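Note sheet for the following structure.
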Amino acid sequence: MANPQTILAAVRHASNADIPGLRQLLGWPDALKLELTLRILLTFLPEGTEPGLYVDYLRNLSDAQSNPEGYITPSFPEHPVRDITEDEARIRVRRLRLTPLLDPKAHYDQETDPLTLFLLHQAHKIDVETGSLDLVCQLLEPFFNHSEVLRTWMMSNLLPLLRLDYEYYPQSGTSHSLEDFERLDGSIAVQSLLSKAAQRNDQRDTREVGRDLRGLVGPWMYGETTRKRRKLSHGRRRQSLITVVRATEDELPAEEEMRSSDWSHVNEWLLNLGLRDFPRAVDAMTQWDGPCDVDYGDWGAGIQPADEDELRVQTRRYSQAGLAALYATNDSSLETIIGSHRVLLQIARLVKLDEPPDLKRSDAPIASGISWEYLDSLSPAHLFHNALLRSQNPLTSPTVPAVSLFNLVLASCYKLLNLGNLKTSRSVAELALFGTEADQVAELKKTLYTLKAEKMDEKLWASIRRQMLWLRNWEHQLNKQGEPRGVFSKIAKIDLEVELLRAMLEGGCYSLAEDIYCKQTNLPISKDTVERTVLNAALSAYDAASNGNRNRGGVRKASEIISTFRNYFPRSTPFTQTTALLSATHDMSFYSLTLQHGVPFQPVNIRAHKDPMSLIGKILGQNPRSYAHLDNLQEIGQNLVTAGLTDSVQDSSAASDAPRNPQQQALIARRRITRMAIEAALEEDDFDTAYSYVVNRLAADQPRPNTLDSLRDSATVQDDISWRAAYTAGRYPTSNAGNSTLRRLEQRMELLSQALLLAPPSALSEVLTVWQKCEQQVTTQIAKETEQEQKWDEKGDRKVPGGFAADASPIAQKVRDPIRSALVEEAPMGLFDMARGAAATLSKSAFPLSRSQKTASYPAKGSHDRPLSGISAGSSDEGSVGGAGGSGRVRKRDMVSSMVTGGLASGIGWVIGAPPVRQE
C-alpha cells in the first residue's frame, strides 16, 4: 500500500500539472504503483496540458513497471508532503474519487494493459474538453506500437477523423467527436466518412471519392475485428430474445456474411451512389481497387496484411457491387456507356479475367463464355435492386459469363445509342433476356422510327442493317445454328428484314434496298414479301400525303417507290392498281375539293371512301364548268376502276350482286361520270352540253343491235344510269323562246324516247307522262305558230295586187321555222293513238328482241347499224313525207313514234292484248 502522503503529493503535482514533481515520486521506496498513478493523472491532470510535458513521464512509468530492477531511482532530500500528518492524509485519500482507467462507455476488454486504458480514456477526455484531435494525436502517437488495441483504435478511429477534419476537408470544421464516431457502426459510419465526397459539386475534384475510400474507409475497416467482437458479445446478451432464422440458398453462410458485413455497407453505398450520381460512382470504382487498396499513411509501417482468402472474398464482393451499380443506373448517355465499360475493365482486372473488347469495334464483341445453362438460370428477379448484391446472383457475380454478358449488353446499348435509341443497361438486359416478341417489335419500330426521319446515305443504311442483324443475334457472325440470342432475338429474321426494307424505303434509300432485296443471288426475303413490303411502303407514303400532286410530298415518294421496283414485278396486278391510283390522284389534284365540315381533301380519302367514284361528283359540284372536262374525268374514273377501288361498290346499275369483269366496271364508270356531267351541266343551265353528252356519249356506250356481245352484255349489266340521265335531261324545262322553242322540245322528246328505250318496265309510265306533256307543248306551240302564220297571210291577202299605193312597199315574209314546217305536215299523234298502233308494230320493234329477227324497227334502210345518236338533229325538211319525191323517206316523227311504240310493247302491251315480245 502506497504512503497516503505520497498519494496526496501526487494529486497535488497532477493538479498543478507539475510533471517534474511527479517524476520525483518515483524515487521513494513507497512509490506509487502504475495503475494508481495513471488514475491520479486521469482524474486530476488538466486536459489542456500539453501532452509533450508528460509523455516521457508516462513512458518512464511504463518502463519502470515493465523493468523495476533496471530502473535507476534518483535520491531526493525531502519528503514531498510535510504539513499533513499521516492520519489526516489517509482520511483525505479515502475521500478521493479517482476515475477508473476503463471507460465505462468504451468497448474494450478488461485484459487491456493500464497504460493503454489510460491513453484511450485520456484521449476521450481531451477531445471532450478541448475538441482538439491534434492534442490527442500528440498524446497517442508516441505509444502507437505499445499495444495492438491502441494501434487498432488509432488506425480505425483517430486516423479517419484526423484526415476528415484536418487534411481532406479542413474548411468544413469538426464532423464528429471521438466518442460519437466510435459509436458509429455499419452503414452510418460509411455514409459519414463519404458524405462530403459524394456531395454534388461540379467544382469538386472527381478523385475525392476514391481517395476517401482509400484513406478514410480503408483505415476504418482496420478495426473491423474489434467491432465484430463487440457485435458478438452484444449478440450473446440478446440471443435469448431473438429467433435465429436459417439462411436461405440465396444468402451467404452466417460465417461468411459476418466476415463481410462491414464491407457490405461500402458495397451498398457504392450501389446507391450509382443510382444518385453515376459519374462519381464510376470515378470511385475506377480509382479504388477495393479492400486491398488502403492508405494507412505513416502509421502503416509494420502493419500485418489481412488474410489473403478474406481479401479475395471481399474483392469479389466489391467487384459484384460494381456490376450491380452498372445494372442499377438510370443513365443512358454516351458518357454512361463509356464509364460503364471502364468499370467493367476494372472488374475484369480485379478478378483476373480477360479484358472485354472495345465497344467501338465494328464487328462487335462475341458472346464467348456464355452457355445456355447460364442463360436459363437467369430470371427477372435477379434484376431486383435488393437482389443485385446477393452472392448467389448469377447476373452480378464477377464470373466469366456474367462479365461477357454485361459486355454484350453494353455493346447493345452503344449500338442502340448510335441508332438514336437511348436505353439503360438494365432495360437492354430485360429486353434481351426476358422480353417478349411484342416488346422487341415495339422497340425495333421505335428505333427505326427515329432513323426514318433523318436523311442518310446508302453507306449509313448498310451499317444500320448490319447493326440490326447483330442486335438480333449476338453470334450471327459465327454462323452458328440454333436459337438466336440478342436484343431482337424473338423477332423472326424475315420480319426484321421486312422492317428494315420498309425503313429504307421510307428513308428514301431506294438504290440500296434494290441492291439487297432484288438484285442479289440469295435474297434475304422472297420476292412476294418484297412486293408486299414495297407496296405497303408506297401506300403508307400515299396515305400520309396532304397533296395529290405526284411531284410533291407523299405522293411523290410513293411514285418514286413504285417506279423503282416496277421493273422487277412487270405482271403484278397490285403494282398496276397502285400506278392507276397515283395517276387518278394526280389528275384530281388539279381540282379544288373540300369534304364535309370544310375538311380539305387528302389522297387518303380516296382509299378510305366507300364509293370513290362519287368524289368526281363533288368535283363537278365544286368546280364551275368542270363538266366540260369529261374526257379527263372519265380518265380519272377509269384509273379508279383499274386501281380496284370499285370492286366492292354496290352500284344501282347492277341487276344482281354477281361479280363484274373489268370491262363491265369500266363501262359503268363511264356511264356514271357521264351522268354526273349531264346533271352538272343542267345545274349550270347548259342544256346543249347535256343533250350532246346523252346522244353522243351515253348512246355510244349502248350495245350494237343484233350482236351476241350486246345480248350477253345486256343480260349481265342492266343499264340503270343511261335512261335516268336521258330522262333527267329530257324533262329539263327549257326557257328559250322564239324560233328555237320547237327545236328544244324536239330534243327533249328525243332524249325521252331514248329513256323509254333503256328504262325498265317499272319506269315506263313515269317517262311516258313527261313525254306526253312535252308532246302537248309541241302541239300547243305548233298551233300557236300556225295561227300567227295565218294572220300573216291574211294581212298579205288584203293588199290589192298591182296597186301602187304610196305605202305599197315589199312585204318581208317571216322566215318559216324548218322544224315547224316538218311538224305541221301532219297532225300530232296522241298517246292513245300510239297505243293502238303498238300491236301492229310488235313484230318489228325498234329494239332487237331475238336472234331470228331479220327486220329492224327503223323503216329506213341501214338504220340497224347506227345507234340512236345517228338520228339527225338537223331540219325536218330532210325527213318530211308527202309531195313529189317523198317515196321511201321517213319522217322524224314516225321514227320517234316507232321508238316509243317499241318501248310500250314491253311495258303496257299487255293492256291491249299484245302477244309477248320474246316468243320462240
Side-chain angles (χ1 to χ4, degrees), residues 412 415-416 418-421 431-432 435-477 479 483-544 554 557-575 577-579 581 607:
S412 301
K415 292 185 181 298
L416 288 173
N418 292 335
L419 297 176
N421 187 2
L431 190 65
T436 62
E437 181 181 0
D439 297 335
Q440 295 184 0
V441 168
E443 201 63 39
L444 173 64
K445 292 183 176 180
K446 176 184 176 182
T447 304
L448 293 176
Y449 178 80
T450 59
L451 295 173
K452 291 181 292 187
E454 301 179 3
K455 203 69 176 178
M456 294 179 290
D457 55 12
E458 296 183 2
K459 185 177 180 180
L460 285 176
W461 271 111
S463 174
I464 289 170
R465 180 174 178 268
R466 289 194 299 269
Q467 295 183 60
M468 284 294 184
L469 292 176
W470 183 87
L471 286 171
R472 178 183 175 270
N473 187 5
W474 289 328
E475 295 182 342
H476 80 285
Q477 292 181 345
N479 295 322
E483 184 180 354
R485 41 190 174 180
V487 179
F488 302 134
S489 58
K490 301 294 178 61
I491 304 175
K493 188 174 184 295
I494 184 174
D495 296 335
L496 178 63
E497 293 284 4
V498 166
E499 293 295 334
L500 288 172
L501 174 56
R502 188 193 302 272
M504 290 181 187
L505 296 177
E506 294 184 6
C509 190
Y510 308 130
S511 299
L512 179 63
E514 186 180 3
D515 294 338
I516 295 177
Y517 299 99
C518 294
K519 293 183 178 180
Q520 292 185 2
T521 304
N522 297 324
L523 297 178
I525 52 181
S526 63
K527 292 193 67 175
D528 294 339
T529 306
V530 174
E531 179 184 0
R532 289 195 303 269
T533 305
V534 169
L535 290 172
N536 291 335
L539 292 177
S540 297
Y542 174 87
D543 293 339
K557 179 180 289 187
S559 301
E560 291 175 349
I561 294 174
I562 294 299
S563 62
T564 301
F565 293 89
R566 182 185 302 162
N567 296 332
Y568 298 101
F569 309 96
R571 300 180 181 179
S572 173
T573 300
F575 264 84
Q577 293 177 341
T578 307
T579 303
L581 174 63
R607 293 199 339 121

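Please read these numbers as outputs of a predicted model, since none were measured by experiment. Throughout, residue positions are numbered sequentially from 1 according to the sequence presented.
From Phe575, atom CZ reaches atom CG of Asn567 across 9.5 Å, with rounding to the nearest 0.5 Å. Here the CD atom belonging to Glu437 is positioned 8.0 Å from the CD atom belonging to Gln440, to the nearest 0.5 angstrom. Separating the OG1 atom in Thr447 from the CD atom in Glu499 is a distance of 11.0 Å, to the nearest 0.5 Å. Within the model, atoms CD1 of Ile562 and CG of Leu535 stand 5.0 Å from one another, a figure rounded to the nearest 0.5 Å. The line from CD of Glu506 to OH of Tyr449 is 10.0 Å long, rounded to the nearest 0.5 Å. With rounding to the nearest 0.5 Å, the separation of CE in Met504 from CD1 in Ile516 is 4.0 Å.
The number of heavy atoms from other shown groups lying within 6.0 Å of NZ (Lys519) is above 12.
Residues Arg502 and Ser540 share a closest heavy-atom pair of NH1-OG, 4.4 Å. The minimum heavy-atom distance linking Leu471 with Lys415 is given by the pair CD2-CB, 4.3 Å. Minimum heavy-atom separation, Leu500 to Leu448: CD2-CD2, 4.1 Å. The two residues Lys557 and Leu505 come nearest to each other via the heavy atoms CD-O, 4.4 Å. Heavy-atom minimum distance, Thr564 versus Glu514: CG2-OE1, 3.8 Å. The minimum heavy-atom distance linking Ala558 with Ala541 is given by the pair N-CB, 4.2 Å.
The existence of a salt bridge linking Arg465 and Glu497 is confirmed by a sub-4.0 Å separation between a basic side-chain nitrogen and an acidic carboxylate oxygen. Using a 4.0 Å cut-off between charged nitrogen and carboxylate oxygen, Lys527 and Glu531 do not count as a salt-bridge pair.
Taking the side-chain contact (heavy atoms from CB on, under 4.5 Å) definition, one finds that Thr436 meets it with Ala438, Asp439, sequence neighbours left out. Annotation: ring-ring contact (aromatic ring centres under 6.0 Å, His included) contacts of Tyr510 (sequence neighbours excluded): none. Among residues two or more places apart in sequence or in another chain, the side-chain contact (heavy atoms from CB on, under 4.5 Å) test is passed with Ala492 by Ile494, Asp495.
Using a 4.5 Å cut-off on side-chain heavy atoms (C-beta onward), Leu444 and Ile491 make contact. Trp474 places a side-chain heavy atom less than 4.5 Å from the side chain of Ser412. Side-chain contact between Thr529 and Leu501: absent, with no pair of heavy atoms (C-beta onward) separated by less than 4.5 Å. Leu419 has its side chain out of reach of Thr450: every pair of non-hydrogen atoms, C-beta onward, lies at least 4.5 Å apart. In this structure, Tyr542 and Ser559 have side chains that are not in contact, with every pair of non-hydrogen atoms separated by 4.5 Å or more.
A donor-acceptor distance shorter than 3.5 angstrom exists from the side chain of Lys490 to the backbone of Gly435, with no hydrogens or angles considered.
If you check the side chains of Ser463 and Gln467, you find a donor sitting under 3.5 Å from an acceptor.
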